[in-house]
Amino acid sequence: MNNSNSYRDKYFIAGIDIGGTSTVIGLVDNNNQIVQRKAIHTATYEYAEAFFNEICDIIKNFDQLSDISLLKGIGIGAPNGNYYKGTIEFAANLRWKGVIPVVEIIQQKLPEVPVILTNDANAAAIGEMMYGDAKDKKDFIMITLGTGVGSGIVVNGELVYGHDGFAGEIGHTIYNPNGRLCGCGRKGCLETYTSASGIVKTAVELLIRKSDDSELRNIPIDELTTLHIGNAANRGDKIAIETFDITAEILAVKLADSVAHTSPSAIYIFGGVANAGAVLLEPLTTYFEENLLQIFKNKIQIKTSALPQNDAAILGAAALIKKEL
Ligand SMILES: [Zn+2]
């Protein structure tokens with residue numbers, strides 16, 4: 001029968017994007033389509049074991065996955081994920097402290113299934129490279145702006161892992177040594193200014209310091225999000241616009257420094273904060289050009305990711321397995 005061949009070729013990969021707030025588990029078929037997905041709240045799980053056991057159950061219960069033997073592997077993007085060791089180590093934005101042996105925990109539940117793990121921003125970079133705008137690019141940087149600030153750095157067509165698997169931590173390069181306290185224990189990391197909570201903090205500082213009218217004043221401070229600030233900025237709210245202007249300048253300075261290290265042809269901005277659009281991207285591009293070394297000026301594109309939110313991270317995580325097939 002003709003169908004038997006296509007049935008035999010059919011396979012699935014689970015792509016998992018672990019974030020500080022939520023985690024998305026996607027089932028990707030052999031045509032790179034996400035055929036099913038489910039989100040869970042990362043922070044509600046007190047223990048990592050319970051969290052990863054739940055993920056295994058979700059994968060096993062995907063109705064599209066009629067037979068577990070069709071699952072070719074599980075790819076995971078996670079904060080502080082270590083590609084070499086299969087661990088999450090000392091992630092500032094996760095509840096579980098220390099070293100979490102992720103691959104080991106999953107393989108106790110699903111012993112036959114290969115598991116590969118990397119940093120969440122690395123997974124997004126691979127997603128952009130395999131399915132997005134970076135298909136023809138050999139040198140680019142992916143910056144993820146969300147609960148934390150991550151980065152995936154591609155040089156000569158290869159993701160940079162470094163000697164120990166931790167390369168690409170632009171979010172924890174220091175913008176101001178006397179600045180805000182970071183979740184990593186140091187002061188003034190880029191993440192403390194350009195993560196979602198960092199941007200909210202900047203807005204709150206402006207609301208306190210300035211007397212301008214702002215629609216943000218109608219929202220209780222502990223409920224304020226980057227979505228509120230983005231929407232307000234797009235409606236012309238002065239405080240919200242200034243918040244993004246300050247954020248853009250700080251991000252631009254650090255990105256201009258990053259360019260000096262790897263000379264990328266493009267930088268992609270990915271994650272919830274990037275959805276604010278031109279209110280972030282326009283000042284970012286202006287400050288970026290201002291801060292670049294002369295030899296790099298007017299050569300490097302700054303863009304938002306071409307892949308829909310969540311998809312890049314899921315597809316990128318799945319691509320970790322696909323590369324090995
Ligand atoms: Zn830090």
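Along the sequence shown, the residues carry numbers beginning at 1. One-based numbering, in listed order, for ligands and for the atoms of each. Since the structure is predicted, the reported quantities are computational estimates derived from the model, not experimental observations.
For the Zn ion (ligand 1), the neighbouring protein N/O/S atoms at less than 2.8 Å, given as residue and atom, are H172 ND1, C182 SG, C184 SG, C189 SG.
Ring to ring, F51 and W96 are close: their centroids are under 6.0 angstrom apart.
A salt bridge links R180 and E205; the closest N-O separation between the charged side-chain nitrogens and carboxylate oxygens is under 4.0 Å.
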Query - CA sep, side-chain torsions, deciding dist, call: H228, T225, side-chain hydrogen bond (donor to acceptor under 3.5 Å, both in side chains) - result: CA-CA 5 Å; H228 294 129; T225 65; 3.2 Å; yes
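Under the 4.5 Å side-chain heavy-atom criterion for ILVMFWY residues, a single connected hydrophobic cluster contains both I239 and I219.
N291 places a side-chain N or O within 3.5 Å of a backbone atom of Y287 that can act as its donor or acceptor partner.
Counting only residues at least two apart or in different chains, salt bridge (charged side-chain N to carboxylate O under 4.0 Å, His left out) contacts with residues 284-300 are absent.
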